[in-house]
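What follows is one structure encoded as structure tokens, with my remarks underneath.
Throughout, numbering of the chain's residues begins at 1 and tracks the sequence.
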Amino acid sequence: MSEFSPICIYLVISLLVSLIPLGLPFPFSSNSSTYPEKLSAYECGFDPFGDARSRFDIRFYLVSILFIIPDPEVTFSFPWAVPPNKIDPFGSWSMMAFLLILTIGSLYEWKRGASDRE
């Protein structure tokens with residue numbers, strides 16, 4: 001058990017460091033439910049109208065996908081940070097296949113007009 005004591009101490013300290021800032025404001029906060037103005041909805045200074053759950057055009061989702069694509073692309077491109085003579089052919093061809101799939105997906109979205117504006 002003595003070999004696990006530093007890990008247990010680290011877990012207890014990390015829990016305290018994360019939970020104390022979460023619970024510290026509660027004793028100092030006031031009850032905001034006594035102010036009815038604080039409970040009302042705020043929308044640019046006037047009462048809200050219409051339903052907030054309206055349908056979105058599919059192009060909004062396509063544009064969001066266009067912004068999400070570079071994240072895994074950069075993550076999976078990290079193995080290329082090694083010198084070229086240290087990458088075996090399998091690693092090189094698997095990266096080429098990955099980039100080919102990304103290129104085909106980007107061309108497909110471009111052909112479908114995902115980035116076109118109306």
Side-chain angles (χ1 to χ4, degrees):
M1 183 63 183
S2 65
E3 64 266 6
F4 294 115
S5 61
I7 296 173
C8 293
I9 292 171
Y10 178 76
L11 286 175
V12 169
I13 291 174
S14 63
L15 280 173
L16 287 174
V17 166
S18 62
L19 292 178
I20 287 175
L22 286 174
L24 190 63
F26 286 108
F28 302 108
S29 66
S30 65
N31 190 1
S32 64
S33 64
T34 57
Y35 304 109
E37 191 63 32
K38 289 224 179 228
L39 296 177
S40 66
Y42 177 74
E43 187 175 332
C44 300
F46 53 86
D47 292 330
F49 57 89
D51 188 18
R53 302 199 186 280
S54 62
R55 290 181 175 249
F56 284 101
D57 191 11
I58 191 68
R59 283 175 289 176
F60 289 112
Y61 298 110
L62 289 175
V63 168
S64 67
I65 289 172
L66 285 173
F67 281 105
I68 291 173
I69 284 176
D71 296 334
E73 181 180 349
V74 168
T75 303
F76 289 127
S77 297
F78 279 145
W80 271 9
V82 298
N85 59 354
K86 299 214 185 240
I87 297 177
D88 61 342
F90 176 75
S92 180
W93 284 111
S94 63
M95 187 58 72
M96 288 295 176
F98 173 70
L99 291 175
L100 178 69
I101 291 170
L102 282 178
T103 304
I104 290 171
S106 298
L107 290 174
Y108 175 75
E109 287 184 349
W110 181 38
K111 183 179 178 183
R112 295 283 304 212
S115 60
D116 293 343
R117 300 208 181 224
E118 289 182 4

Worksheet entry | Atom of Ser2, atom of Ser5 and distance for their closest heavy-atom approach | O-OG, 2.8 Å
Practice prompt. Have a look at Ile9 and tell me which of Ile7, Ile13, Val12 forms a side-chain contact (heavy atoms from CB on, under 4.5 Å) with it.
Written response: Ile13
Worksheet item: Can you hop from Phe4 to Leu11 via hydrophobic side chains spaced under 4.5 Å?
Response: yes
Item to complete: Find out if a path of hydrophobic residues (ILVMFWY) with successive side-chain heavy-atom gaps under 4.5 Å connects Met96 to Leu102.
Response: yes
Item to complete: Would you name the heavy atoms of Gly23 and Pro27 that are closest together and state the gap between them?
Response: O-CD, 3.4 Å
Discussion item. Determine whether Leu107 and Ile104 satisfy the following criterion, side chain to side chain contact (heavy atoms under 4.5 Å, CB included), listing intermediate values before the conclusion.
Written reply: CA-CA 5 Å; Leu107 290 174; Ile104 290 171; 5.7 Å; no
